[in-house]
Structure formats: structure tokens, C-alpha cells
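Scroll down for the structure; my scribbles are underneath it.
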Amino acid sequence: MKYIFELNHPKHYYQFKYVMQSLRKQGHEIKVLARDKDVLLDVLKEEGVDYTIFGKHNKSMSAKIFGTFALVRNYIAIVRQYQPDIIVSKGSLYGTLTAKLMGKKSVIFPDSEVVKVTNNFVVPLCTKVVTPQSFQLDFGEKHCRINGLFEDCYLSPQAFQPNPEIIEKYELKRPYAIIRFVGWFANHDVGNNGFTLEEKIKLVETIAKNMTVYISSEKPLPEPLSQYKLNTPASLIHDVLSYADLYVGDSQTMAAESALLGTPSIRSNSFVGPNDMSNFKILESKYGLLRNIAKPQDAIDLAAEWSAHSQKNDWKNKQKDYYTQVGDINANIVSLLTNI
């Protein structure tokens with residue numbers, strides 16, 4: 001069979017990386033489509049992935065709306081030439097719409113219940129929806145649920161072993177904390193927010209009393225924080241997170257990744273609350289791997305406590321317990337994709 005895998009974020013590549021490898025080993029053909037967004041293209045280049053760009057990421061809402069037509073036009077041209085059997089994406093309107101127009105099958109893998117574009121527009125267009133078991137919405141007969149979280153696709157011990165050589169090679173000073181600030185310009189970020197500049201500075205100054213601080217940021221760092229910029233290659237971020245002694249940020253993706261890598265993790269943004277996404281809730285309530293905190297000052301206070309008294313050993317034990325309960329998610333996804 002012939003597959004298109006559409007990538008719009010570094011996480012999408014990591015999630016599908018081993019699935020694509022397994023499909024190729026079984027003799028299937030894979031074409032990777034990528035959008036020029038964040039550090040995705042850097043990651044693909046560093047990993048030696050052959051890809052085709054189908055468009056760029058637009059930050060303003062008006063540009064997103066008008067840019068959709070150009071993206072779909074490009075997509076249709078690629079599909080017409082390649083003739084895939086199935087288009088796979090995280091939850092792409094472009095891929096599912098193109099598949100519908102071209103008479104192709106499409107499979108999406110959402111794990112955030114709050115993304116209205118996915119729920120209202122993408123799901124009705126697609127052939128199959130695949131989510132974790134904990135996903136709180138029900139999409140009917142086309143909905144398939146699998147054990148574990150999608151981050152397990154690339155962070156489970158079977159898929160990932162951190163490289164200790166990065167500590168010396170990139171002169172990372174331990175103990176260290178990784179802080180992640182996102183840009184808040186994605187479609188699903190509209191109306192939400194994370195740390196203010198004042199809170200960012202306070203967070204960094206608080207942790208820096210006990211640990212070396214490295215910041216990963218979607219937007220350029222302001223002058224007071226520029227000295228803390230993390231300068232390792234984007235493709236090595238999971239190695240960096242694995243050896244960190246603390247993670248704090250307003251990111252969604254990196255919070256879950258850090259937790260599953262056995263790093264004490266604190267997530268703080270306006271999504272946190274009763275209507276928060278199920279994957280973050282279950283990481284906290286069932287497995288104790290993540291703390292979700294709505295108020296930035298409360299997150300800063302907990303960061304002060306954890307940076308002064310390491311929780312790393314406790315988290316590594318929780319990580320082991322978690323992965324004894326989760327099967328081989330990549331094998332399950334491959335089986336699903338080859339039997340649609």
C-alpha cells in the first residue's frame with residue numbers, strides 16, 4: 001500500500017517515526033509531507049528524512065483562513081501525482097479534505113479534546129479516528145481506541161534510549177532544569193495563554209538559585225532571558241529532557257514528553273482546569289508523572305520546592321511503573337493502518 005504521512009509539528013514526526021519504519025519494512029511505500037513550521041524542518045533534516053513541503057505555517061487567523069486554499073491546492077497536486085491509498089495525519093484539515101475530494105482514505109490521531117477544528121470539521125471528513133483509551137469524546141463507529149498515550153510511540157524504552165554523551169558534548173551543567181515557553185499562535189491556542197514576561201523572569205530566577213536553567217522557546221527570548229537559551233540541536237531535545245532534573249513550562253507537548261521520560265514535570269497554562277485534556281489529567285491523577293497547575297505563581301512556588309529537593313529518583317520509578325502497564329503502541333497502530 002502507499003501512504004502519505006502529513007507532519008505539521010516535530011511531535012508528529014516522532015509519533016509516526018517508528019510506524020513509518022515498520023510499514024517500510026513490510027514493503028509499503030511512504031511519502032512524507034511537511035509544513036514549514038517551528039523547528040520541524042530542522043528535525044527532519046537532522047534525522048535524514050526525505051520530505052516534500054506542501055506549505056508554510058501562517059500565524060494570523062486571516063492568513064490561516066486564506067492560506068488553506070493554497071495548501072489544499074498544493075496537496076491535491078501531490079496526491080494526484082503520488083496516488084496514495086491512505087493519508088495519515090495528527091488531525092489535519094488539509095489531508096482529510098484532500099482525501100475526501102480525491103476519493104482516498106484518511107486516518108487521524110487526535111489526543112486533545114479541546115481542538116474544535118478537529119472535532120467539528122476534520123472528524124466528519126476522515127475515514128478513521130484513532131485516540132488513546134482515555135480520550136473523553138466519542139466519535140462513533142469510525143472511532144478506534146488504543147492503550148497508552150501517543151508520546152509512547154517515540155518515548156517508550158523499546159523506542160528510545162537517551163544518549164549520555166550529550167551532557168559532555170554540549171556542556172550541559174547538571175543538575176539542570178528545562179523551561180519551555182510556547183508562542184501561543186496555533187489554531188487551538190486562540191484565547192489561551194501561559195506565563196507572562198514578568199512571570200517567566202521570576203520562574204527562571206527562582207529555579208536558577210538551585211539549578212542551571214536552559215530555556216526552549218518558540219519565540220525569540222527577550223534580553224533578560226537570552227543568556228539561558230538552550231542551544232542543543234532540536235532533534236536531541238528528548239535526550240536533553242531525559243537527563244534534566246526538572247521541567248517547567250506552558251507547553252502541552254513537552255510537558256507530557258518530560259513526564260514520560262521520567263523527569264519531574266510542571267505544566268502551567270490556561271488550559272489547566274476541569275475541562276483540561278484527558279492525557280494530562282491521567283498523567284497526573286493515575287500515574288503521578290505530571291503536575292498541572294493553573295496559576296503561574298503556584299507553579300513557580302512548586303518549582304522552587306522541587307529545584308531545591310530533587311524528585312528525579314521518584315519520577316524514574318513512576319516511569320518504570322507506567323511502562324509496565326502499556327503495550328507496544330507502535331505495533332498496534334501498524335496493524336490498524338494495514339487493515340483499514
Side-chain angles (χ1 to χ4, degrees), residues 9-15 37-40 42-43 112 149 151 154-155 162 166 170 172 175-186 188-189 192-208 211-222 224-272 276-277 279-280 283-284 289-300 302-304 306-307 311-312 315:
H9 187 281
K11 177 183 177 179
H12 301 176
Y13 166 66
Y14 292 120
Q15 179 175 327
K37 180 183 183 295
D38 196 15
V39 296
L40 172 61
D42 293 334
V43 169
S112 297
L149 301 177
E151 288 82 3
Y154 54 96
L155 296 180
I166 66 160
Y170 296 100
L172 299 175
Y176 66 84
I178 297 298
I179 296 178
R180 171 66 170 175
F181 299 129
V182 296
W184 297 100
F185 39 66
H188 53 266
D189 291 334
N192 288 286
N193 56 76
F195 292 101
T196 65
L197 176 57
E198 181 180 358
E199 290 162 347
K200 291 176 181 179
I201 293 172
K202 187 173 184 181
L203 173 65
V204 170
E205 291 178 343
T206 297
I207 297 175
M211 294 179 174
T212 306
V213 172
Y214 298 105
I215 300 176
S216 168
S217 178
E218 279 190 317
K219 296 193 295 187
L221 290 170
L225 299 177
S226 59
Q227 63 179 307
Y228 298 101
K229 181 182 178 182
L230 177 68
N231 291 313
T232 54
S235 60
L236 297 180
I237 188 61
H238 299 127
D239 300 85
V240 174
L241 291 173
S242 181
Y243 289 110
D245 297 88
L246 176 65
Y247 165 86
V248 186
D250 52 20
S251 165
Q252 313 285 37
T253 298
M254 206 171 286
E257 291 174 337
S258 298
L260 291 170
L261 285 166
T263 295
S265 302
I266 301 170
R267 165 180 169 261
S268 182
N269 59 44
S270 60
F271 283 105
V272 176
D276 201 357
M277 290 153 274
N279 52 333
F280 299 112
L283 281 172
E284 179 170 29
L289 283 165
L290 177 65
R291 287 293 299 274
N292 300 297
I293 300 177
K295 296 181 180 179
Q297 184 57 55
D298 291 345
I300 293 171
L302 185 60
W306 285 5
S307 63
Q311 310 288 312
K312 186 72 173 183
W315 246 254

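- Taking both residues in full, the closest heavy atoms of F195 and G249 are given as CE1-C, 3.8 Å, listed atom of the first, atom of the second, then distance.
- At distances below 3.5 Å, not a single donor-acceptor pair connects side-chain atoms of S242 with backbone N or O atoms of H238.
- For the residue pair L197 and P222, the shortest heavy atom distance occurs at CD1-CG, 3.4 Å.
- A donor-acceptor contact shorter than 3.5 Å links the side chain of E199 to the backbone of T196.
- With hydrogens and angles ignored, the 3.5 Å screen pairs a side-chain donor or acceptor of S307 with a backbone N or O of A304.
- Of the possible polar contacts, none joining the N279 side chain to the S112 backbone as a donor-acceptor pair under 3.5 Å is found.
- Between T253 and H9, the closest side-chain pair of non-hydrogen atoms falls below 4.5 Å.
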Next on the checklist: Determine whether S265 and L290 satisfy the following criterion, side chain to side chain contact (heavy atoms under 4.5 Å, CB included), listing intermediate values before the conclusion.
Outcome noted: CA-CA 5 Å; S265 302; L290 177 65; 3.7 Å; yes
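- By the 30° and 60° cut-offs, the orientation of the rings of Y14 relative to Y154 is tilted.
- Between the CG atom of L172 and the CD1 atom of I178 there is a distance of 7.0 Å, given to the nearest 0.5 Å.
- Q311 and D245 share no side-chain donor-acceptor pair at under 3.5 Å.
- In this structure, K200 is positioned above the aromatic face of F181, its NZ or CZ under 6.0 Å from the six-membered ring centre and within 45° of the axis.
- Once rounded to the nearest 0.5 Å, the distance linking CG of L302 with OG of S268 reads 10.5 Å.
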Checklist entry - side chain to side chain contact (heavy atoms under 4.5 Å, CB included) between V240 and Y214: does it pass, once the steps are laid out? => result CA-CA 10 Å; V240 174; Y214 298 105; over 6 Å; no
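- Between R291 and D298 there is no salt bridge, since no side-chain N of the basic residue sits under 4.0 Å from a carboxylate O of the acidic one.
- Each of L283, D276, I293 was checked for a side-chain contact (heavy atoms from CB on, under 4.5 Å) with R267, and the lone residue meeting it is D276.
- Two residues are said to be in side-chain contact when any heavy atoms from C-beta on lie closer than 4.5 Å; Q252 and F280 meet this criterion.
- Side-chain atoms of S217 do not come within 3.5 Å of backbone N or O of P220 as any donor-acceptor pair.
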Next on the checklist: Run the side chain to side chain contact (heavy atoms under 4.5 Å, CB included) test on V248 and L203 for me, step by step, so that the C-alpha distance in whole Å, both residues' side-chain angles and the decisive distance to 0.1 Å come before the verdict.
Outcome noted: CA-CA 9 Å; V248 186; L203 173 65; 3.8 Å; yes
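- Relative to the ring axis of Y247, R180 does not place its NZ or CZ within 45° and under 6.0 Å from the centre.
- Between K11 and E151, at least one side-chain N (NZ, or NE/NH1/NH2) sits under 4.0 Å from a carboxylate O, which counts as a salt bridge.
- Between the W306 side chain and the L246 main chain, no donor and acceptor come within less than 3.5 Å of each other.
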Item to check | Chi angles and distances behind the side chain to side chain contact (heavy atoms under 4.5 Å, CB included) call for I166, T232 | outcome: CA-CA 9 Å; I166 66 160; T232 54; over 6 Å; no
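- Judged purely by atom type and a 3.5 angstrom limit, N269 has no side-chain atom pairing as donor or acceptor with the backbone of G194.
- Between P10 and V43, the shortest heavy-atom distance links the atoms CB-CG2, 4.3 Å.
- K312 and T263 form a side-chain donor-acceptor contact under 3.5 Å, judged by distance and modelled atom types alone.
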